[in-house]
Asker: 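Just passing along the structure, written as structure tokens.
Start at 1 and go down the list; that is how both ligands and their atoms are numbered. When reading the values below, keep in mind they use all heavy atoms of this one structure, side chains included, and skip hydrogens, waters and symmetry mates. For reference, positions follow the sequence shown, starting with 1.
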Amino acid sequence: MKIYYEHDADLGFIQGKKVAVLGFGSQGHAHALNLRDSGVDVRVGLRPGSRSAARAEAAGLRALPTPEAVREADVVMVLLPDETQGKVYREEIEPNLKEGAALAFAHGFNVHFGQIRPRRDLDVWMVAPKGPGHLVRSEYQRGSGVPALVAVHQDASGSAFPTALAYAKAIGAARAGVIPTTFKDETETDLFGEQAVLCGGLTRLIQAGFETLVEAGYPPEMAYFETVHEVKLIVDLIYEAGLRGMRYSISNTAEYGDYTRGDLAVPLEETKRRMREILRQVQTGEFAREWMLENQAGQPVLEAGRKRWGAHPIEEVGARLRAMMPFLRARVLEEVG
Ligand code: NDP
Ligand code: MG
Ligand code: MG
């Protein structure tokens, strides 16, 4: 597989163009600010009077109502919540989009599952950073980047791929590596990864460890440091040096416990059997249908989940301990507190 780096991408494909970034959330703020700092002509499309519009203006960007931003643009990057994109596309994007413009995404969900069926005259491509937006911004600022996937769904102009690559370079992704893929593969691997490992899997592993210690009578503060706080320190080692590098860095005692007890906590074959079921529901579109119904119903399961998991004791002890670590503040989302 060819991985693209800075020298493979020509910023010329994006620098002459007017780019509209729709949304100023996790990904939106990072793309818009990185593009601007890379010398790209960027405006942000938002709901007038929204909190995001105020934040974009405070960051020194031009914030316009979505239809106006789209009308000006040669490239429209859609960084709205996935569940809103279909409606906003039909009502505010497509009717205002220039003939032959490029429509871009950071996730293939809506195109792959048929919620957006783009006009034939458009280029349609994706630059999907493999990391949260706040890292896309902070890594760019320190001269590095978050890797990204690129894919072309429709190439009306004949230059969709080099333009996507130039966009990836402008947000800093080509410093880390840009991997070519398809909308289908990006969508399926992204959904699987967040459900099985990154979000669903990891939070359950942390929670199980925390609860086991607390239920056995250990102080929650100790349980928090051991099963939550330290995760980052271990993951940082894996990020920099792989699993083997992490295992090199930990004590021999920890390494022996890893090899001999890890399977007791997470039985490998059984876990894979369950993960294949998660993957099947993603591939068949079962998950996508369920998520769209959830949105038609006003997100009741999402709301219930936020209430239930947000009230877990791990949150109370965590908030208290993090408040004692002021060095954490700089990298935490202001709105989470
Ligand atoms: P967020 O929820 O963080 O941000 C959404 C933004 O869209 C906000 O600025 C919000 O503004 C605005 N918005 C919401 N509804 C509308 C609307 N109807 N009209 C105009 N603006 C609206 O989104 P994310 O950054 O998490 O996700 C954006 C895309 O990036 C998705 O496709 C996602 O899959 C993808 N992605 C996200 C990652 C992440 O790190 N979060 C990682 C990789 C890809 P306001 O409510 O203030 O009006
Ligand atoms: Mg995702
Ligand atoms: Mg230890």
Side-chain angles (χ1 to χ4, degrees), residues 20-34 43-59 61 63-70 76-94 96 103-113 115-116 124-140 145-151 153 167-168 171-173 176 178-179 181 183 185-202 278 282 287-288 291 295 299 302 306 333-336:
V21 170
L22 306 187
F24 201 70
S26 178
Q27 288 293 321
H29 92 282
H31 288 227
L33 293 169
N34 293 2
R43 74 271 303 121
V44 185
L46 291 158
R47 293 185 276 212
S50 63
R51 189 153 161 268
S52 290
R55 290 178 61 216
E57 271 159 13
L61 292 160
L64 303 171
T66 303
E68 282 176 41
V70 170
V76 174
M77 173 54 92
V78 184
L79 298 175
L80 310 172
D82 294 307
E83 66 274 20
T84 66
Q85 291 182 11
K87 185 168 186 281
V88 176
Y89 180 75
R90 286 185 298 277
E91 293 174 1
E92 298 182 70
I93 301 175
E94 195 174 87
N96 296 300
L103 180 66
F105 297 89
H107 181 34
F109 189 96
N110 281 281
V111 169
H112 177 60
F113 290 116
Q115 300 305 294
I116 292 178
V124 181
W125 43 262
M126 159 171 44
V127 173
K130 292 287 97 184
H134 296 83
L135 279 182
V136 172
R137 179 59 180 158
S138 62
E139 291 294 286
Y140 178 93
V146 169
L149 302 181
V150 288
H153 175 72
Y167 186 102
I171 63 168
V178 177
I179 298 177
T181 185
F183 272 57
D185 285 5
E186 183 279 335
T187 303
E188 292 174 354
T189 54
D190 186 77
L191 293 173
F192 173 81
E194 64 202 20
Q195 293 173 18
V197 180
L198 306 173
C199 309
L202 184 60
I278 295 179
V282 165
F287 172 79
W291 175 224
N295 285 297
Q299 303 189 331
L302 200 57
R306 284 175 183 155
L333 256 159
E334 322 82 79
E335 55 262 44
V336 172

Asker: Counting non-hydrogen protein atoms only, what is the nearest one to atom 30 (O) of ligand 1? Give residue, atom name and distance.
Answerer: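 The protein heavy atom lying closest is Q27 CG, 3.5 Å.
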Asker: Heavy-atom distances under 4.0 Å decide this one: backbone, side chain, both or neither, for K130 against ligand 1?
Answerer: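 No part of K130 comes within reach of ligand 1.
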Asker: Of all heavy-atom pairs between L80 and T84, which one has the smallest distance, and what is that distance?
Answerer: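 What the structure gives for the nearest pair is CB-OG1, 3.5 Å.
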Asker: Classify the contact between S50 and ligand 1 as side chain, backbone, both or neither, using a heavy-atom distance cut-off of under 4.0 Å.
Answerer: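 Within the 4.0 Å criterion, S50 contacts ligand 1 through side-chain atoms alone.
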Asker: Measuring from non-hydrogen atoms of Q85 to any atom of ligand 1, is the shortest distance under 4.0 Å?
Answerer: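 It does; at least one heavy atom falls under 4.0 Å.
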Asker: At under 4.0 Å between heavy atoms, is it the side chain or the backbone of A53 that contacts ligand 1, or both, or neither?
Answerer: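 A53 to ligand 1: no contact under 4.0 Å from either part.
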Asker: Nearest protein heavy atom to atom 22 (C) of ligand 1, by residue and atom, and its distance?
Answerer: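 I find the closest protein heavy atom is L80 CD2, 3.6 Å.
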Asker: Are any of the side-chain heavy atoms of V78 and N110 separated by less than 4.5 Å?
Answerer: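 No. Closest side-chain heavy atoms not under 4.5 Å.
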Asker: Could you tell me whether the side chain of H112 reaches within less than 4.5 Å of the side chain of E188, counting heavy atoms only?
Answerer: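 With C-beta onward as the side chain, the pair touches.
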Asker: How would you list all residue pairs meeting salt bridge (Lys or Arg N to Asp or Glu O under 4.0 Å) that involve residues 79-89, not counting sequence neighbours?
Answerer: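 Passing the test, one end in residues 79-89: K87-E91.
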Asker: Run down the list M77, R47, E83, R55 and name the one with the heavy atom closest to atom 19 (N) of ligand 1.
Answerer: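 Result: the heavy atom closest to atom 19 (N) of ligand 1 is in R47.
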Asker: Give me the residue, atom name and distance of the protein heavy atom closest to atom 44 (C) of ligand 1.
Answerer: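 Protein heavy atom with the smallest distance to atom 44 (C) of ligand 1: A106 O, 3.5 Å.
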Asker: Once you measure the plane-to-plane angle for F105 and F183, does it fall in the parallel (<30°), tilted (30-60°) or perpendicular (>60°) bin?
Answerer: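 Because their plane-to-plane angle is over 60°, the rings of F105 and F183 count as perpendicular.
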Asker: Looking at CG of D190 and NZ of K130, how far apart are the two atoms once the value is rounded to the nearest 0.5 Å?
Answerer: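 Nearest 0.5 Å value for the CG-NZ distance: 4.0 Å.
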Asker: Who's the nearest protein heavy-atom neighbour of atom 26 (O) of ligand 1, and how far?
Answerer: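 So the nearest neighbour among protein heavy atoms is S26 CB, 4.0 Å.
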Asker: For ligand 1, note which part of V88 has a heavy atom under 4.0 Å away: side chain, backbone, both or neither.
Answerer: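 Just the side chain.
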Asker: Where is the nearest protein heavy atom to atom 4 (O) of ligand 1: which residue, which atom, and how far?
Answerer: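 Its nearest protein heavy-atom neighbour is G25 CA, 3.3 Å.
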Asker: Nearest protein heavy atom to atom 34 (O) of ligand 1, by residue and atom, and its distance?
Answerer: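 Of every protein heavy atom, D82 OD2, 2.7 Å lies nearest to atom 34 (O) of ligand 1.
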Asker: For atom 5 (C) of ligand 1, tell me which residue out of G23, P48, P81, A69 has the closest non-hydrogen atom.
Answerer: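 The nearest heavy atom belongs to P81.
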Asker: Which ligand 1 atoms, with their elements, are less than 4.0 angstrom from a heavy-atom of G133?
Answerer: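 Listed by number with element, the hits are 40 (O).
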Asker: Between ligand 1 and E92, is the shortest N or O to N or O distance under 3.5 Å?
Answerer: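 There is no such contact.
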Asker: If you define the side chain from C-beta out and look only at heavy atoms, does anything of L191 sit under 4.5 Å from T187?
Answerer: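 Yes; the side chains approach each other to less than 4.5 Å.
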Asker: Looking only at atom types and distance, does a side-chain atom of E186 sit under 3.5 Å from a main-chain N or O of G108, one as donor and one as acceptor?
Answerer: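 Yes, because the side chain of E186 sits within donor-acceptor range (under 3.5 Å) of the backbone of G108.
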Asker: Any side-chain heavy-atom pair from V178 and V127 closer than 4.5 angstrom?
Answerer: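 V178 does not reach V127 side chain to side chain.
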Asker: Considering only heavy atoms of P129, which atoms of ligand 1 have at least one such atom less than 4.0 Å away?
Answerer: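 The list of qualifying atoms is 43 (C).
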Asker: Do ligand 1 and F24 have nitrogen or oxygen atoms that lie under 3.5 Å from each other?
Answerer: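 N/O-N/O distance below 3.5 Å exists for this pair.
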Asker: Would you indicate whether the side-chain heavy atoms of I278 and F287 approach each other to under 4.5 Å?
Answerer: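 Side-chain contact under 4.5 Å: no.
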Asker: Could you point out which residue of Y167, Y140, F24 forms a ring-ring contact (aromatic ring centres under 6.0 Å, His included) with H31?
Answerer: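 Answer to the ring-ring contact (aromatic ring centres under 6.0 Å, His included) test with H31 among Y167, Y140, F24: Y167.
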Asker: Minimum heavy-atom separation for V21 and G28, please, with both atom names.
Answerer: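 Closest heavy-atom pair between V21 and G28: CG1-O, 3.8 Å.
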Asker: With heavy-atom distances below 4.0 Å as the criterion, list the atoms of ligand 1 near G131.
Answerer: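 With G131 as reference, the close atoms of ligand 1 come out as 40 (O), 42 (C).
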Asker: Is the gap between the ring centers of H29 and H134 under 6.0 Å?
Answerer: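 Aromatic pair counts; centres sit under 6.0 Å.
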Asker: Compare every heavy atom of A63 with every heavy atom of A53, then report the nearest pair and how far apart it is.
Answerer: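 Shortest heavy-atom separation between A53 and A63 comes out as O-CB, 4.1 Å.
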Asker: Got V70 and E92 here, is their nearest side-chain heavy-atom distance under 4.5 Å?
Answerer: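 No, too far: nothing below the 4.5 Å cut-off.
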Asker: Mind listing the protein N/O/S atoms less than 2.8 Å away from the Mg ion (ligand 2)? Waters don't count.
Answerer: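 D190 OD2, E194 OE1, with waters left out.
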Asker: I need the atoms of ligand 1 closer than 4.0 Å to a non-hydrogen atom of H107, numbered in the order shown.
Answerer: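 Here the atoms of ligand 1 in question are 32 (O), 34 (O).
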Asker: In terms of residue, atom name and distance, what is the protein heavy atom nearest to atom 8 (C) of ligand 1?
Answerer: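 Of the protein heavy atoms, S52 OG, 3.5 Å lies nearest.
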